[in-house]
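The figures that follow rest on heavy atoms only: side chains count, while hydrogens, waters and symmetry mates do not.
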Amino acid sequence: MNNEGEKLTINFEVTAAEAIALAQFFKRTAYSDCKEKAVSSAEAHEMMDGINAAYKGLREAGFNPR
């Protein structure tokens, strides 16, 4: 992508069960998980930013695991 800082809206379809599972996964994913798979600290932070944004979207849609 040429505009890496540009905000995007991404639409996709999942079942309710998949949304719940994704919300659980995002809730349980930590920076250390991303750091383990990233090529740099900056990439790990970007991964976490993306996970947090997706998790926020799921919470706002009513998928907020406790």
Kindly compute the distance separating [atom1] ([X]) from [atom2] ([Y]), expressed to the nearest 0.5 Å.
X   : Y   : atom1 : atom2 : answer
S41 : E46 : OG    : CD    : 11.0 Å
E18 : F12 : CD    : CZ    : 9.5 Å
D33 : F25 : CG    : CZ    : 7.5 Å
R66 : N64 : CZ    : CG    : 4.5 Å
Q24 : F63 : CD    : CZ    : 12.0 Å

> Any idea which heavy atoms bring M48 and C34 closest together, and the distance?
Replying inline: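 In this case the closest contact between M48 and C34 is SD-SG, 3.6 Å.
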
> How far apart are the closest heavy atoms of E43 and A38, and which atoms are they?
Replying inline: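 Reported closest heavy-atom pair: OE1-CA, 3.2 Å.
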
> Which residues pass the ring pair (Phe, Tyr, Trp, His ring centres under 6.0 Å) test with Y31, sequence neighbours left out?
Replying inline: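 Result, ring pair (Phe, Tyr, Trp, His ring centres under 6.0 Å) vs Y31: H45.
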
>> Set out, in order, the CA-CA distance, both residues' side-chain angles and the distance that settles side-chain contact (heavy atoms from CB on, under 4.5 Å) for I20 and L22, then state yes or no.
In response: CA-CA 5 Å; I20 292 166; L22 278 172; over 6 Å; no

